[in-house]
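These notes are about the structure you will find just below.
We count residues from 1, following the sequence as given.
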Amino acid sequence: MKVGAKVVCVDDVFPAAIREFYTALPVKGATYTVREVSLGREKLAIVKDGKIVPNGASEESVTVRILLHELVNPLDPFNGNRAELGFNAERFREVEEEHAEETHEATIAIGATVD
C-alpha cells in the first residue's frame, strides 16, 4: 500500500473498548485515500481483568499502519501520544486503477442516452 492509493474498507468491526478512543472509524465498503503508511502493532491495547493495558512498547507482531485523508483521529494514548491512531492495512484492499476506470466508464454508460 502506498500514499495516495485508493482503498476500500473490508473490515469495520472494532472492539467496543477500542472504539471509544477513535473519533472516526472506517465503514465497510467505503473508499478512502491513504495519507500515510508506517509500521504499527498488531493490537492497540490488551484487556486484562476487564481493564485496558497499554501495548505501545509491546514486542507483539508488527503490522502496516495506515492513516486516511478522510478520517482523522486523536493521538495514540497507548504510545505516549507520539502518533495519530491509525488502522491496520489488513482492514483495507487497494482499488485497482483498471477496475476503477471500468467502473467510471460503466457509470457514464448508464447515464448516457441511446440514439
Side-chain angles (χ1 to χ4, degrees):
M1 217 162 274
K2 62 183 179 181
V3 172
K6 294 288 186 190
V7 294
V8 174
C9 178
V10 296
D11 177 5
D12 64 356
V13 178
F14 293 85
I18 298 303
R19 286 177 151 274
E20 66 186 68
F21 294 99
Y22 285 80
T23 55
L25 292 169
V27 176
K28 188 173 183 176
T31 302
Y32 302 95
T33 309
V34 176
R35 153 166 65 101
E36 184 180 313
V37 179
S38 62
L39 292 179
R41 58 193 182 281
E42 184 71 28
K43 295 179 181 177
L44 179 64
I46 299 170
V47 178
K48 287 186 180 177
D49 299 323
K51 297 179 183 176
I52 294 178
V53 178
N55 192 29
S58 171
E59 292 297 321
E60 297 231 1
S61 63
V62 176
T63 63
V64 175
R65 169 187 160 267
I66 62 172
L67 300 180
L68 305 167
H69 279 288
E70 297 82 2
L71 303 177
V72 178
N73 281 288
L75 296 178
D76 183 346
F78 302 109
N79 198 13
N81 290 322
R82 293 188 301 242
E84 180 181 335
L85 287 166
F87 304 103
N88 185 330
E90 292 178 359
R91 291 183 177 276
F92 303 87
R93 71 170 170 75
E94 282 194 64
V95 175
E96 297 175 23
E97 287 301 319
E98 187 175 302
H99 182 278
E101 186 64 31
E102 288 171 8
T103 302
H104 177 68
E105 289 174 7
T107 302
I108 291 171
I110 291 169
T113 58
V114 178
D115 292 323

To the closest 0.5 Å, what do you measure between [atom1] ([X]) and [atom2] ([Y])?
| X | Y | atom1 | atom2 | result |
| --- | --- | --- | --- | --- |
| Leu71 | Thr33 | CG | OG1 | 10.0 Å |
| Asn73 | Leu25 | CG | CG | 6.5 Å |
| Asp76 | Arg82 | CG | CZ | 9.0 Å |

### Message
Just to verify, what does Phe92 make a ring pair (Phe, Tyr, Trp, His ring centres under 6.0 Å) with, not counting sequence neighbours?
### Response
none
### Query
Excluding sequence neighbours, so at least two apart, what forms side chain to side chain contact (heavy atoms under 4.5 Å, CB included) with Val64?
Val37, Ile66, Ala89
### Query
Pro15: what forms a side chain to side chain contact (heavy atoms under 4.5 Å, CB included) with it, not counting sequence neighbours?
Ile18
### Task
Give the minimum heavy-atom separation between Val34 and Lys2, together with the two atoms involved.
CB-O, 3.5 Å
### Message
Please find the pair of heavy atoms, one from Val27 and one from Cys9, that lie closest to each other, and give the distance.
### Response
O-CB, 3.3 Å
### Query
Quick one: does Tyr22's side chain have a donor or acceptor within less than 3.5 Å of a partner on Pro74's backbone?
no
### Task
Could you pull out all residues at least two apart from Glu36 that satisfy salt bridge (Lys or Arg N to Asp or Glu O under 4.0 Å)?
Arg65
### Message
Can you list everything that forms a salt bridge (Lys or Arg N to Asp or Glu O under 4.0 Å) with Arg35? Sequence neighbours excluded, please.
### Response
Glu84
### Message
By the side chain to side chain donor-acceptor pair (under 3.5 Å) test, which pairs, at least two apart or in different chains, include something from residues 9-19?
### Response
Asp11-Arg91
### Message
Taking the ring centre of each residue, are Phe21 and Phe14 less than 6.0 Å apart?
### Response
no
### Query
Any side-chain heavy atom of Leu67 within less than 4.5 Å of one from Ser38?
no
### side-chain hydrogen bond (donor to acceptor under 3.5 Å, both in side chains) partners of Glu94, counting only residues at least two apart
none
### Query
Can you name the side-chain hydrogen bond (donor to acceptor under 3.5 Å, both in side chains) partners of Thr31, sequence neighbours left out?
none
### Query
Side-chain heavy atoms under 4.5 angstrom apart, residues restricted to Ile, Leu, Val, Met, Phe, Trp, Tyr: same cluster for Val3 and Met1?
yes
